[in-house]
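The figures that follow rest on heavy atoms only: side chains count, while hydrogens, waters and symmetry mates do not. Quantities reported herein were computed from a predicted structural model and do not represent experimental measurements. Reminder, nothing fancy here: chain letters follow the sequence lines and each chain counts from 1.
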Amino acid sequence: MTHNKLIVILGPTASGKTDLSIKLAKKFDGEIVSADSRQVYKGMNIGSGKVTKKETAGIPHHLLSIANPKNRFSVVQYQKLALKAIKSIQKKNKIPILVGGTGFYIQSIVDGIIIPEIKPDWALRKKLEKIALSELFKRLQKLDPVRASNIDQNNPRRVVRALEVVLKLGKPVPTLNSKKPSFNTLQLGITKSSEKLKTLIRKRLIKRLKNNAMINEVKKLHKNGVSWKRLEEFGLEYRFVAQYLQNKINYQEMINNIQIESEHYAKRQITWFKRSKKINWIKDYKEAEQLIKKFI
RNA sequence: GCCGGGGUAGCUCAGUGGUAGAGCACUGCUCUGAAAAAGCAGUGGUCGAAGGUCCGAUUCCUUUCCCCGGCA
């Protein structure tokens, strides 16, 4: 007899998800499934804030370091692997704890959204990206007026992707659907004041820079064949350390940019999470523990 | 002390004889296989101070205070 319970721990960057989740996993006999779009990559450890082996304290962690940073990983791959991991944990009669800050990844599990089964076609995208955005949007309007009417026409990624789906599918983009929720889910979100968050981001950044650890990590990634362009795509520490190593910016600019962009990122995450009404906002371990006791 | 250049949004700066803009910051938001990505919107200034000319001055004139560079 297996259960279908799932606990989710989410929150903005630097809010303390990792520590909290490990404590809870110990307490409630759980295993952790990461929901982080950067921690999936091998070799991206310090900059992405991946737990160290020691910190895991023996709690199994899933979906960390499973992808090659030279290749692009995406939500759908995440969704498949995470579902598999969650089910296998439930089968062992342990409690899966989904932990992370990537709202889209969490949504793909919790709401079970169905994303069109058209794989990214990078050659096609490259071709489309050369065309003016307004022109692309006109084409989309012609081929799929419904999708065109609710898409952000200023966003090249969205428009290109929509066209990709329409062209390869030969028909309009399916309207967004969700499967029946497959899990009995408890979502816990960590709240912190923005002042507190900024301080935590700053402290963490200083720590990551210590002994050149983060700089060396990025150097190593590049040495192993991850291009500067690719590293910059990852954003935050990877973007600005890569720019620093290319002499595009100086050390102080690198630090300032990482700090400010991390603060922006935290706000975007909060904006995303706010949309969900199913999140229980908590301040500390105690509140989390109580809610979970009731849930289990 | 003299000669230049400058003082306009939190910061860096545009600009005009009819009470002002940009980028960044800040605030809010979007999200259909890149999501730490990619986009959108909004708030914000007695235009250094005081006089004068003018129907009207942030813009022209005078004085004054402050900053930067050069010469003494």
* To do: Return each pair, listed once, that meets salt bridge (charged side-chain N to carboxylate O under 4.0 Å, His left out) where at least one residue sits in residues 245-266 of chain A; pairs must be two or more places apart or across chains.
  => A/Glu232-A/Lys248
* To do: Write out all pairs satisfying salt bridge (charged side-chain N to carboxylate O under 4.0 Å, His left out) with one or both partners inside residues 206-229 of chain A, taking only residues at least two apart or from two chains.
  =>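 Sorted pair list: A/Arg208-A/Glu237.
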Tell me which residues in [range] put a heavy atom below 4.0 Å from RNA chain B, sorted by number, or none.
{"range": "residues 66-74 of chain A", "result": "A/Arg72, A/Phe73, A/Ser74"}
{"range": "residues 112-135 of chain A", "result": "A/Ile115, A/Pro116, A/Glu117, A/Ile118, A/Lys119, A/Pro120, A/Trp122, A/Arg125, A/Glu129"}
{"range": "residues 193-209 of chain A", "result": "none"}

Where the side chain of [X] is defined as all heavy atoms beyond and including C-beta, which of [options] is the nearest nucleotide?
{"X": "A/Thr271", "options": "B/G28, B/U30, B/A35", "answer": "B/U30"}
{"X": "A/Tyr41", "options": "B/A38, B/A35, B/C40", "answer": "B/A35"}
{"X": "A/Arg268", "options": "B/A35, B/G28, B/A38", "answer": "B/A38"}
{"X": "A/Arg239", "options": "B/A25, B/A38, B/A35", "answer": "B/A38"}
{"X": "A/Lys274", "options": "B/G33, B/A34, B/C29", "answer": "B/C29"}

* Asked: Got a sec, which residues hit side-chain hydrogen bond (donor to acceptor under 3.5 Å, both in side chains) with A/Tyr78, two or more places apart in sequence or on another chain?
  ->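 Partners of A/Tyr78 under the side-chain hydrogen bond (donor to acceptor under 3.5 Å, both in side chains) test: none.
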* With A/Lys192, which residues qualify under side-chain hydrogen bond (donor to acceptor under 3.5 Å, both in side chains), at least two apart? -> none
* To do: Among A/Arg125, A/Lys127, A/Arg158, find the residue that satisfies the salt bridge (Lys or Arg N to Asp or Glu O under 4.0 Å) test when tested with A/Glu164.
  =>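 It is A/Arg125, the one option of A/Arg125, A/Lys127, A/Arg158 that forms the salt bridge (Lys or Arg N to Asp or Glu O under 4.0 Å) with A/Glu164.
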* **Residues in ring pair (Phe, Tyr, Trp, His ring centres under 6.0 Å) contact with A/Phe240, at least two apart in sequence or another chain** => none
* What does A/Tyr105 touch in the nucleic acid at a heavy-atom separation under 4.0 angstrom: a base, only the sugar-phosphate, or nothing? ->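 Result for A/Tyr105 = sugar-phosphate.
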* Asked: Pairing of RNA chain B as dot-bracket, 5' to 3': ( ) intra-strand, [ ] crossing, | other strand, . unpaired, with Watson-Crick or G-U pairs under 3.5 Å?
  -> (((((((..((((....[..)))).(((((.......))))).....(((((..]....)))))))))))).
Could you tell me which residues satisfy side-chain contact (heavy atoms from CB on, under 4.5 Å) with [X], sequence neighbours excluded, listed by chain and number?
{"X": "A/Asp144", "answer": "A/Leu140, A/Val146, A/Arg147, A/Val166, A/Pro172, A/Val173"}
{"X": "A/Gln269", "answer": "A/Pro12, A/Thr13, A/Tyr265, A/Ala266, A/Phe273"}
{"X": "A/Leu81", "answer": "A/Leu63, A/Ile66, A/Phe73"}

